[in-house]
Amino acid sequence: MIPLAVLAGKAKVLLLALIKIKAVTTLGTMFVSVAAYSLVFGWPFAVGFVLLLLIHETGHVIQLRREGVDASAPVFIPFLGALITAKSLGKDSAAEARVGLAGPVLGTIGTLIPLAIWLATGSDLWRALAYVGFFINLINLMPVLPLDGGRAMAVLGPKVWIVGILIVVAATVLFLGPFMLLFVLLLGGPELYRRFKNRHSEQSRAYHSVLTKTKIGVAAVYLSLTLLLIVGAAETYAPRHL
């Protein structure tokens with residue numbers, strides 16, 4: 001008979017080995033997230049929502065690899081979304097901006113699928129998925145770390161993140177509730193403080209030193225995408241009647 005301690009040790013080794021397999025990690029956490037969301041929203045919506053998150057995160061992975069940075073596969077966390085890990089975001093703030101925008105860009109393209117199905121069928125399910133897709137990508141574009149919009153606005157310098165904090169505070173008061181502010185402060189606060197504190201260092205100046213035309217290009221994509229997402233969310237929004 002094998003002692004329980006030995007079995008536990010072998011199980012731990014097996015678990016660690018499985019975690020290192022990117023496909024297993026992604027599929028496993030996707031399944032857990034779908035199961036969690038289905039308890040509140042039902043299976044059809046849960047599956048569609050998690051797939052929209054996957055498309056969004058895949059945009060970041062693709063761009064990171066185009067920048068020469070090895071990125072992990074997406075990992076899903078129920079009711080928090082999904083994330084990827086990487087050792088860096090590229091060689092400068094322009095690369096960081098491209099990585100930041102890639103998620104919402106591909107995520108918006110992915111949202112066009114439920115939008116098209118809703119327009120063709122009139123199904124409330126597909127309308128809800130289209131709305132959530134537009135809304136999630138829009139929220140991610142708020143210009144503050146650790147959100148994608150904060151990454152994109154890195155090309156304009158750290159001071160833009162102060163504006164982003166004010167936007168998050170306003171959104172918290174108006175319609176998002178305290179969770180969003182806590183999320184930004186807990187996950188982005190340390191990085192925001194460190195980068196803002198070191199903004200005058202030679203390394204920071206070099207990182208944020210990009211061509212003016214690059215700044216204009218990033219700003220144009222950012223504003224155009226934000227406007228598109230606002231229109232998309234407004235057109236697919238449906239008030240809930242209790």
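Side chains are part of it too, since the values below use all heavy atoms of this structure and drop only hydrogens, waters and symmetry mates. We count residues from 1, following the sequence as given.
Between Y37 and F41, the ring planes are tilted. Angles from 30° to 60° get that label. Relative ring orientation between Y131 and F135 is described as parallel, the plane-to-plane angle staying below 30° on a 0-90° scale split at 30° and 60°.
Shown here for K215 and V155, the closest heavy-atom pair between the two residues is CE-O, 3.2 Å. Summarising the geometry of A36 relative to P78, their closest heavy-atom pair is CB-CB, 3.7 Å, with the distance given to 0.1 Å. Scanning both residues, A46 and S38, for their nearest heavy atoms gives CB-N, 3.6 Å. Heavy atoms only, all atoms of each residue included: F76 and M30 are closest at CE1-CG, 3.1 Å. Here the shortest heavy-atom pairing between E96 and A154 reads OE1-CB, 3.6 Å. Listed here is the closest heavy atom pair of T58 and L54: OG1-O, 2.6 Å.
The side-chain hydrogen bond (donor to acceptor under 3.5 Å, both in side chains) with H56 is formed by just one residue from the set T111, T108, N137; it is N137.
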*Kindly determine whether L64 and L89 satisfy side-chain contact (heavy atoms from CB on, under 4.5 Å), including the steps that lead there.*
CA-CA 7 Å; L64 277 167; L89 293 168; 4.2 Å; yes

*Could you walk me through whether L223 and T226 pass the side-chain contact (heavy atoms from CB on, under 4.5 Å) test, one step at a time?*
CA-CA 5 Å; L223 293 174; T226 300; 5.5 Å; no

*Given the rule in the side-chain contact (heavy atoms from CB on, under 4.5 Å) test, do L129 and I117 qualify, once you have shown the distances and angles that lead to the verdict?*
CA-CA 10 Å; L129 285 171; I117 297 176; over 6 Å; no

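Distance alone, capped at 3.5 Å, places no donor-acceptor pair between the S72 side chain and the I84 backbone. For the pair R205 (side chain) and H200 (backbone), a donor-acceptor distance under 3.5 Å is present. Remark: side-chain polar atoms of Y222 are not paired, donor with acceptor, to backbone N or O of L101 under 3.5 angstrom. Between the W126 side chain and the A116 main chain, no donor and acceptor come within less than 3.5 Å of each other. Although no hydrogens or angles enter the test, the distance criterion places no donor-acceptor pair under 3.5 Å between the side chain of R151 and the main chain of D148.
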